[in-house]
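Got a structure for you, written out below as structure tokens; questions coming shortly.
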Protein chains: 2
Amino acid sequence: MTASKTAAAVKPARAARKEPPAETAAEASELMMGELSELLGYALKRAQLRVFEDFLQSVAPVQLTPAQFSVLLLLDANPGRNQTEIATTLGILRPNFVAMLDALESRGLCQRTRSPSDRRSHILVLTDKGRATLARAKKLVATRHEARLTELLGRDNSAALLAMLAKIAREF
Amino acid sequence: MTASKTAAAVKPARAARKEPPAETAAEASELMMGELSELLGYALKRAQLRVFEDFLQSVAPVQLTPAQFSVLLLLDANPGRNQTEIATTLGILRPNFVAMLDALESRGLCQRTRSPSDRRSHILVLTDKGRATLARAKKLVATRHEARLTELLGRDNSAALLAMLAKIAREF
DNA sequence: CCTATTTGATATGGTGCATAACAATTATCG
DNA sequence: CGATAATTGTTATGCACCATATCAAATAGG
């Protein structure tokens with residue numbers, strides 16, 4: 001996934017600027033974010049990038065991306081569904097879901113089975129290894145990732161944040 | 001930017017499922033989101049996609065992407081800076097910033113000028129057209145986009161949301 | 001002056017996301 | 001029933017975004 005050095009690029013990183021010798025204040029080369037700080041979309045994207053970056057790192061022992069984790073979660077909660085159903089509820093287009101499943105299946109985490117009632121569709125099932133990996137990933141997410149997040153914001157604020165984000169996705 | 005039908009793909013869209021005749025409840029083909037609903041990262045991404053989609057639509061009359069808008073905002077607030085400075089404060093890598101500037105400059109919104117003191121760097125300045133476009137974009141964002149968002153969440157909640165997102169990006 | 005660093009730029013590759021098109025299968029309906 | 005339409009998984013393809021390596025020109029620093 002090349003999660004390598006995403007952080008370096010995102011870090012605002014006060015750039016080295018040629019300081020005119022008569023620089024009045026000490027810290028004058030900081031760029032003004034201006035009205036950018038008020039833009040909710042900007043804050044959303046920045047926070048999302050950071051959270052995903054931390055997710056990757058937290059769950060690194062099981063080598064799962066956020067998208068892959070969400071697929072495993074959904075397969076576990078909804079066994080016996082086909083690709084179209086899983087993909088669309090996750091907002092993934094069917095063509096793009098194929099490669100994702102290939103990756104998970106090749107790692108032995110899930111399995112495609114032809115449905116006897118409709119031989120077009122593939123019934124998706126988690127394997128034992130898939131369930132084990134998911135369980136381990138859940139623990140990593142809870143303890144390393146979400147715990148630190150709720151600690152940063154406070155439990156109540158964290159819940160309120162989640163509720164607002166869900167509301168935006170649902171009703172905006 | 002092909003903002004076309006992103007919505008269609010995201011819409012959960014209860015998929016057509018072959019209903020066993022003896023389906024007990026009426027609404028049984030809804031997929032269980034399960035613990036996905038508790039995942040802050042998932043909610044973040046979904047909300048971010050929706051907000052960006054709405055931004056695109058709201059600001060369509062001036063044909064600016066969120067990234068382009070943020071560049072114009074920063075150029076307006078920090079005149080006389082070079083590409084490296086603007087790019088890094090926005091979290092954009094210098095190589096990728098070149099094409100972005102090409103697009104804006106070819107539309108006559110900003111201008112590159114060789115610095116007399118350092119002939120390597122390009123001083124970036126908004127043109128009059130750029131300032132006018134930015135002003136128009138600001139109004140569109142404020143009235144069509146942010147207004148509806150704060151209306152949905154409530155003024156206080158909206159401010160709290162912004163604060164939390166900024167905190168995540170900064171301190172997480 | 002010689003070397004190291006910086007700046008903008010190019011080339012390139014990976015990844016996510018969207019559309020069109022296709023074969024196999026199933027549904028629909030005259 | 002049989003012709004046509006719709007669905008499922010799949011492939012191919014293109015665009016946007018992001019990251020790295022590399023380069024020439026210019027500057028900085030010893």
Side-chain angles (χ1 to χ4, degrees), chain A residues 1-11 13-19 21 29 45-46 48-49 52-53 56 65-68 70-71 81-88 90-103 105 110-124, chain B residues 1-11 13-19 45-46 48-49 52-53 56 65-68 70-71 81-88 90-103 105 110-124:
Chain A
M1 189 113 270
T2 317
S4 53
K5 282 247 202 109
T6 302
V10 171
K11 195 185 335 178
R14 119 201 19 215
R17 168 138 157 289
K18 177 193 284 197
E19 301 218 33
S29 59
K45 173 134 190 201
R46 278 315 241 273
Q48 187 261 320
L49 287 175
F52 267 47
E53 185 188 347
L56 251 306
T65 67
Q68 290 173 326
S70 69
V71 169
R81 300 296 185 139
N82 64 25
Q83 297 185 196
T84 298
E85 292 168 328
I86 299 294
T88 62
L90 282 176
I92 302 173
L93 294 176
R94 273 97 70 205
N96 300 329
F97 193 51
V98 174
M100 276 195 66
L101 268 189
D102 288 346
E105 199 175 14
C110 70
Q111 216 172 337
R112 290 184 244 224
T113 335
R114 296 222 87 97
S115 165
S117 61
D118 185 342
R119 292 189 352 231
R120 288 171 299 186
S121 57
H122 290 168
I123 299 302
L124 300 179
Chain B
M1 191 109 283
T2 317
S4 54
K5 284 246 203 109
T6 302
V10 171
K11 196 186 331 178
R14 117 200 22 216
R17 169 134 156 289
K18 179 189 286 198
E19 300 218 34
K45 173 135 192 201
R46 279 313 239 275
Q48 188 262 320
L49 287 175
F52 266 49
E53 185 188 349
L56 250 308
T65 67
Q68 289 174 326
S70 71
V71 170
R81 300 298 185 136
N82 64 26
Q83 298 184 196
T84 297
E85 291 168 329
I86 298 294
T88 61
L90 283 176
I92 303 174
L93 295 176
R94 273 93 70 200
N96 300 327
F97 193 51
V98 174
M100 276 196 66
L101 266 189
D102 288 347
E105 198 175 16
C110 71
Q111 217 173 333
R112 291 185 243 225
T113 335
R114 297 222 88 97
S115 165
S117 62
D118 185 342
R119 291 183 359 223
R120 288 171 299 185
S121 58
H122 290 168
I123 299 304
L124 301 179

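Labels below follow one simple rule: chain letters A, B, ... track the order of the sequence lines, proteins then strands, and each chain is numbered from 1.
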Just how far, in rounded Å, is C1' of D:dT8 from CD1 of A:Ile86?
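It is 15 Å, rounded to the nearest whole Å.
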Distance criterion of 3.5 Å, no angle test: do you see the side chain of A:Arg120 paired donor-to-acceptor with the base of D:dT7?
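A donor-acceptor contact between them is present.
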side-chain hydrogen bond (donor to acceptor under 3.5 Å, both in side chains) partner of B:His122, the single match among B:Gln111, B:Arg114, B:Arg112, B:Arg81
B:Arg114
Integer-rounded Å distance: D:dC18 C1' and B:Leu90 CG
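That distance rounds to 15 Å.
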Has B:Glu85 got a side-chain atom pairing as donor or acceptor with B:Asn82's backbone, closer than 3.5 angstrom?
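Yes, the answer is positive, given that a donor and an acceptor are paired below the 3.5 Å cut-off.
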B:Leu49 CG - D:dA16 C1' separation (whole Å)
14 Å
Does A:Thr84 make a side-chain N or O approach to OP1 or OP2 of D:dT7 shorter than 4.0 Å?
no
Starting at atom CD of B:Gln83, determine the distance to atom C1' of C:dT6, rounded to an integer number of angstrom.
13 Å
Between B:Leu101 (CG) and C:dT7 (P), how many Å, whole number?
15 Å
Out of C:dT25, D:dT10, C:dT7, which has the shortest distance to the side chain of A:Asp118?
C:dT25
Side chain of A:Glu105, backbone of A:Asp102: donor and acceptor closer than 3.5 Å?
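Here the side-chain-to-backbone pair does not exist.
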DNA chain D: B:Pro95 or B:Arg114, which has the more 5' nearest nucleotide?
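Between the two, 5'-proximity favours B:Pro95.
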On the nucleotide D:dT10, are OP1 or OP2 found under 4.0 Å from the side-chain N or O atoms that A:Arg112 carries?
yes
Are A:Leu49 and A:Glu53 close enough that some pair of their side-chain heavy atoms sits under 4.5 Å apart?
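Heavy-atom side-chain distance check fails, nothing below 4.5 Å.
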Across the strands shown, which category fits A:Arg94 at heavy-atom distances under 4.0 angstrom: base, sugar-phosphate, nothing?
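Touches a base.
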Starting at the 5' end of DNA chain C, which residue's closest nucleotide do you reach first, B:Ser121 or A:Pro116?
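Going by which nucleotide is closer to the 5' end, it is B:Ser121.
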Please figure out whether B:Ile123 or B:Lys45 has its closest DNA chain C nucleotide nearer the 5' end.
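Nearest nucleotide further toward 5': that of B:Ile123.
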Please name the pair of heavy atoms, one in B:Ala67 and one in B:Ser70, separated by the smallest distance, quoted to 0.1 Å.
O-OG, 2.6 Å
Please report, rounded to the nearest Å, how far the C1' atom of C:dG8 is from the CD1 atom of B:Ile92.
15 Å
Nearest-Å distance, CG (B:Asp102) to P (D:dA16)?
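Taking atom P of D:dA16 as the reference, CG of B:Asp102 is at 14 Å.
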For A:Asn96 and for A:His122, locate the closest nucleotide of DNA chain D by heavy-atom distance; then report the residue assigned to the nucleotide nearer the 5' terminus.
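It is A:His122 whose nearest nucleotide is closer to the 5' end.
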Which whole-number value in Å describes the distance from A:Leu93 CG to C:dA20 P?
12 Å
